[in-house]
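Report on one structure; see the data block that follows.
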Amino acid sequence: MKITTENIQVGFHARQILKGISMESQDKELVGIIGPNGSGKSTLLKCIYRILKPDAGAVYLDGEELHSMSVRSSAKKMAVVAQHNYYNFDFTVREVVLMGRAPHKKTLERDNAKDYQIVDEALKTVQMEAFADRTFSTLSGGEQQRVILARALAQQTSALILDEPTNHLDITHQIMLMELVKKLNVTVISAIHDLNIAAAYCDKIYVLKDGVLEGYGTPEEVLTPELIRRIYKVEAEIVYDSRGKMHILFL
Ligand SMILES: Nc1ncnc2c1ncn2[C@@H]1O[C@H](COP(=O)(O)OP(=O)(O)OP(=O)(O)O)[C@@H](O)[C@H]1O
């Protein structure tokens with residue numbers, strides 16, 4: 001599925017946070033959004049996953065304007081792993097993942113054997129099946145993150161929106177998550193802080209600073225010492241390992 005944003009503008013209290021963002025992710029592309037803290041990455045993603053309505057501009061899923069669609073039909077197309085997941089109720093892990101099935105059900109339709117099978121498979125994929133009956137709120141931050149990813153997988157959508165998905169995860173699970181997301185073969189838009197993760201996994205990268213796009217291209221095109229200095233005010237060197245993979249060293 002192709003996701004496009006056209007001239008997205010968002011302001012809070014007379015402060016302009018996104019100053020006209022136009023970007024797109026082609027079908028099955030993994031697109032990273034990088035940029036310093038407060039540059040507007042989460043705000044842009046919130047407009048895409050529909051928690052925030054931009055003051056101006058629009059989001060299109062395969063050419064269809066997001067707000068012209070029902071919430072149920074956009075939720076069938078796009079799942080989200082957001083940065084913070086607060087639950088006031090003590091749902092079990094299985095119940096949280098079952099929520100991913102909701103867009104596929106009619107009102108008051110009960111979960112069936114197929115839903116439970118999809119949920120079990122999603123939990124296995126993120127290696128959390130042993131936690132199915134645990135209360136979600138008792139899990140560690142990284143475990144919660146993997147359960148929320150399982151919920152997104154159970155939603156079976158052709159696009160995933162991820163807000164710093166490797167936040168909270170140890171290196172094993174960071175790699176597991178990115179390898180998994182890459183293999184899903186769906187459209188992914190992800191905010192990413194770790195530039196080496198962005199370099200290793202993204203097809204394309206957008207660079208956001210102060211609510212403005214400052215760069216776009218493949219990791220090799222975008223992640224240059226000049227751009228890193230301009231955006232992050234840090235000196236860096238780009239090296240290539242014996243397998244030809246690029247790495248960013250911070251000096
Ligand atoms: N509801 C709000 N009210 C006021 N200001 C907000 C609101 N939401 C976000 N902001 C401000 O908008 C700016 C962009 O925030 P955003 O969360 O999009 O940045 P980010 O690039 O995702 O940052 P980080 O890397 O720290 O997660 C920040 O200065 C933030 O304080």
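Just follow the structure's listing: the first ligand is 1, and inside any ligand the first atom is 1.
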What residues form a side-chain hydrogen bond (donor to acceptor under 3.5 Å, both in side chains) with Glu235, not counting sequence neighbours?
Arg229
Show the numbers, then the answer: is there a side-chain contact (heavy atoms from CB on, under 4.5 Å) between Asp203 and Gln26?
CA-CA 10 Å; Asp203 297 309; Gln26 297 296 336; over 6 Å; no
We want to know whether Thr92 and Asp133 form a side-chain donor-acceptor pair, criterion being a heavy-atom distance below 3.5 angstrom.
no
For Pro36, the ligand 1 atoms whose distance to one of its heavy atoms is below 4.0 Å:
21 (O)
Atoms of ligand 1 less than 4.0 Å from Glu164 heavy atoms?
25 (O), 27 (O)
Return a yes/no value: protein heavy atom under 4.0 Å from atom 30 (C) of ligand 1?
no
Can you find an N/O atom of Phe12 closer than 3.5 Å to an N/O atom of ligand 1?
no
Check step by step if side chain to side chain donor-acceptor pair (under 3.5 Å) holds for Thr138 and Thr135.
CA-CA 6 Å; Thr138 66; Thr135 305; 5.1 Å; no
Run the numbers on Lys105 and Asp111 for side-chain contact (heavy atoms from CB on, under 4.5 Å), then give the verdict.
CA-CA 8 Å; Lys105 327 270 319 169; Asp111 300 315; 3.9 Å; yes
Once you round to the nearest 0.5 Å, how far does CG of Asp163 lie from CD1 of Ile48?
10.5 Å
Say whether Glu179 and Tyr201, considering side chains only, have a donor N or O and an acceptor N or O under 3.5 Å apart.
yes
Of all residues at least two apart in sequence or in a different chain, which pass the side-chain hydrogen bond (donor to acceptor under 3.5 Å, both in side chains) check with Gln127?
none
Please report the closest heavy-atom contact between Ile8 and Ala58, naming both atoms and the distance.
CD1-O, 3.7 Å
Would you mind running through ligand 1 and noting each atom that sits below 4.0 Å from a heavy atom of Lys41?
18 (O), 19 (O), 20 (P), 21 (O), 22 (O), 23 (O), 24 (P), 25 (O)
Tell me the protein heavy atom at minimum distance from atom 26 (O) of ligand 1, and give that distance in Å.
Asn37 ND2, 3.0 Å
May I ask whether Gly35 has any heavy atom positioned less than 4.0 angstrom from an atom of ligand 1?
no
Distance filter under 4.0 Å to Ser42 heavy atoms, resulting ligand 1 atoms
17 (O), 18 (O), 20 (P), 22 (O)
Close-contact set for ligand 1 against His193 heavy atoms, below 4.0 Å:
25 (O)
Considering only heavy atoms of Ile17, which atoms of ligand 1 have at least one such atom less than 4.0 Å away?
11 (C), 12 (O), 13 (C), 14 (C)
Run the numbers for me: atoms of ligand 1, each under 4.0 Å from some heavy atom of Thr43, listed by number.
14 (C), 15 (O), 16 (P), 18 (O)
How close does the nearest protein non-hydrogen atom get to atom 14 (C) of ligand 1, and which residue and atom is it?
Gly38 O, 3.4 Å
At under 4.0 Å between heavy atoms, which part of Lys46 makes contact with ligand 1: side chain, backbone, both or neither?
neither
Looking at Arg15, which atoms of ligand 1 are within less than 4.0 Å of one of its heavy atoms?
29 (O)
